[in-house]
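Accompanying notes for the structure given below.
We use all heavy atoms of the structure for the numbers below, so side chains are in, but hydrogens, waters and symmetry mates are not. Note that this is a predicted model, so its numbers are computed, not measured.
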Amino acid sequence: MTKLLSMNRRNFLQASAAGALAGAMPGLIASSAAAQTALTVGFIYVGPKDDYGYNQAHAEGAAAIKAMPGVTLVEEENVPETVDVQKTMESMINLDGATLLFPTSFGYFDPHMLAVAAKHPDIQFRHCGGLWQEGKNPANTGSYFGYIFQGQYLNGIAAGHATKSKKIGFVAAKPIPQVLQNINAFLLGARAVDPGITCQVIFTGEWSLAVKEAEATNALVDQGVDVITCHVDSPKVVVETAAGRGAFVCGYHANQSPLAPEKYLTGAEWAWGNVYSDFVKKAQAGEKLGNFVRGGLKDGFVKMSALGPGVSAEGRKAFEATQADMMKGGFSVFKGPLKDNKGDTVVTADKSYAEDAIELESMNYLVEGVVGSTA
């Protein structure tokens, strides 16, 4: 049974009865572990579960494990990236008996997840992103992520066929490698259609700032941009604002087509249900969980929204052909020769990176044709 818990969860350990209850829990946990497949799994979200974005994608993944035999699902949403998330994790462990935790937000990792994991070496923690480091971080922690830049490349192909102005746009939160991968891949996909296309990027500075996201979207349209995508927690504001101004949109994280059915071209979505189901099956079987788990389209970590009515027949053909190539594996989104937007060579002509290239996890540049700065 799914438990939706209030803010009181975070104050549980401060209650007068907390010590006594926590002392009683080891026996309860041991009893639960005696069941062959019994497993309590905790999910923590930084925003609402129905945000049409990052949190919804994870919540949809959590829902996929809810019906698995022996699984009890515990969730809490709207938990800030502060000591509050430590309190949530502690109470999931001590109150609910959770032995596998997924603190999903980027800022939960350090110091919060690491601090709680150090206190509970028998509990497994897995974090979404690329922050885990072998030899540095606890063995009971790890990271998982998908090569969703493949999806943004496909977004770019759809955008390249839809744009009339040859100006596409990107609303981004922060210039970290995962975001830069997406910006670059979006433009490279579009330039596979037309090398003359450029991409204007605006950084808002935070993962969720509705007012700034709307301002950035309007600013892009004012500059002649006619196709927009994003990397923020909830694309809802960007999608609705862009469509309201007559621009096409490409989604991110989850399916936003209901928000703009006529202007939604396609979208890069997470398929977390596959990832979470695999973690749970391994945990139930007593197998070791991976510490550094990655995958792309062909691995079922990422999927694409259905193509919308704004995609031309030519665009559909190019999109589907490229997607088929990606599904075979080994498709190189980033290949030389490639320059950054300062004119420096970042990938030489003799190099190309497959989707699982570790170098991509430290990307710190914007490619040639991106108008904007990481500073």
Side-chain angles (χ1 to χ4, degrees), residues 1-15 17-46 49 55 58-59 61-79 81 83-105 108-109 112-128 132 137-144 272-273 275-291 293:
M1 174 175 71
T2 302
K3 303 176 184 177
L4 296 179
L5 299 156
S6 69
M7 287 288 288
N8 290 335
R9 167 186 289 287
R10 297 170 210 159
N11 298 323
F12 169 76
L13 294 179
Q14 298 174 348
L21 182 57
M25 285 309 298
L28 295 177
I29 296 172
S31 176
S32 177
Q36 187 174 7
T37 60
L39 181 71
T40 298
V41 185
F43 281 83
I44 308 170
Y45 315 107
V46 73
K49 299 198 308 174
N55 297 289
H58 285 291
I65 71 167
K66 182 180 178 182
M68 295 177 67
V71 174
T72 298
L73 181 64
V74 185
E75 301 173 277
E76 187 169 0
E77 56 192 326
N78 296 310
V79 181
E81 295 174 329
V83 69
D84 282 345
V85 72
Q86 296 190 40
K87 296 176 182 178
T88 295
M89 284 186 278
E90 288 283 6
S91 68
M92 284 182 171
I93 294 167
N94 293 299
L95 176 61
D96 300 295
T99 55
L100 175 59
L101 294 180
F102 294 103
T104 59
S105 189
Y108 289 163
F109 184 81
H112 308 299
M113 189 186 88
L114 295 179
V116 178
K119 293 166 60 178
H120 299 278
D122 294 331
I123 306 298
Q124 291 293 319
F125 301 78
R126 291 300 181 271
H127 178 261
C128 182
W132 186 85
N137 300 133
N140 62 324
T141 65
S143 71
Y144 58 96
W272 291 132
V275 181
Y276 289 138
S277 295
D278 187 61
F279 273 124
V280 167
K281 288 175 184 176
K282 283 184 168 62
Q284 288 181 310
E287 299 177 10
K288 178 175 169 39
L289 305 186
N291 296 105
V293 178

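Met68 has its side chain out of reach of Thr37: every pair of non-hydrogen atoms, C-beta onward, lies at least 4.5 Å apart.
For the atom pair Ile93 CD1 and Leu95 CG, the distance stands at 11.5 Å (nearest 0.5 Å). Atom OG1 of Thr88 is separated from atom CD of Glu75 by 13.0 Å, given to the nearest 0.5 angstrom. Here the CD1-CZ distance, from Ile65 to Phe43, works out to 4.0 Å after rounding to the nearest 0.5 Å. Going from atom OG1 of Thr99 over to atom CG of Asn140 covers 12.0 Å, rounded to the nearest 0.5 Å. One distance of note links CD1 of Ile44 with CD of Gln86; it measures 10.5 Å at 0.5 Å rounding. For the atom pair OG1 (Thr141) and CG (Leu101), the distance works out to 12.0 Å, reported to the nearest 0.5 Å.
Between the side chain of Arg126 and the backbone N or O of Leu100 there is no donor-acceptor pair closer than 3.5 Å. Between the side chain of Tyr144 and the backbone N or O of Gly290 there is no donor-acceptor pair closer than 3.5 Å. Side chain of Glu77 to backbone of Tyr45: no donor-acceptor contact under 3.5 angstrom is found. Between the side chain of Ser143 and the main chain of Cys128, no donor-acceptor pair closer than 3.5 Å is present. Here the side chain of Asp84 pairs no donor or acceptor atom with the backbone of Val79 at under 3.5 angstrom. Remark: the backbone N or O of His127 is not paired with any side-chain donor or acceptor of Trp132 at under 3.5 angstrom.
Considering all non-hydrogen atoms of both residues, Glu81 and Ser105 come closest at OE2-OG, 2.6 Å. Gly273 approaches Ala64 most closely through the heavy-atom pair CA-CB, 3.8 Å. Closest of all the heavy-atom pairs between Phe279 and Leu289 is O-CD2, 3.5 Å. Considering every non-hydrogen atom in both Met92 and Val74, the closest pair reads CE-O, 3.9 Å. When every heavy atom of Pro103 is checked against every heavy atom of Met89, the shortest pair comes out as CG-SD, 3.8 Å.
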Extract all donor-acceptor atom pairs below 3.5 Å that involve side chains of residues 115-122 and protein atoms in other chains or at least two apart in sequence.
residue: Lys119; atom: NZ; partner: Glu90; partner atom: OE2; Å: 2.7
residue: His120; atom: NE2; partner: Glu90; partner atom: OE1; Å: 2.8

Between Trp272 and Thr104, does the side-chain contact (heavy atoms from CB on, under 4.5 Å) criterion hold? Intermediate values first, please.
CA-CA 11 Å; Trp272 291 132; Thr104 59; over 6 Å; no
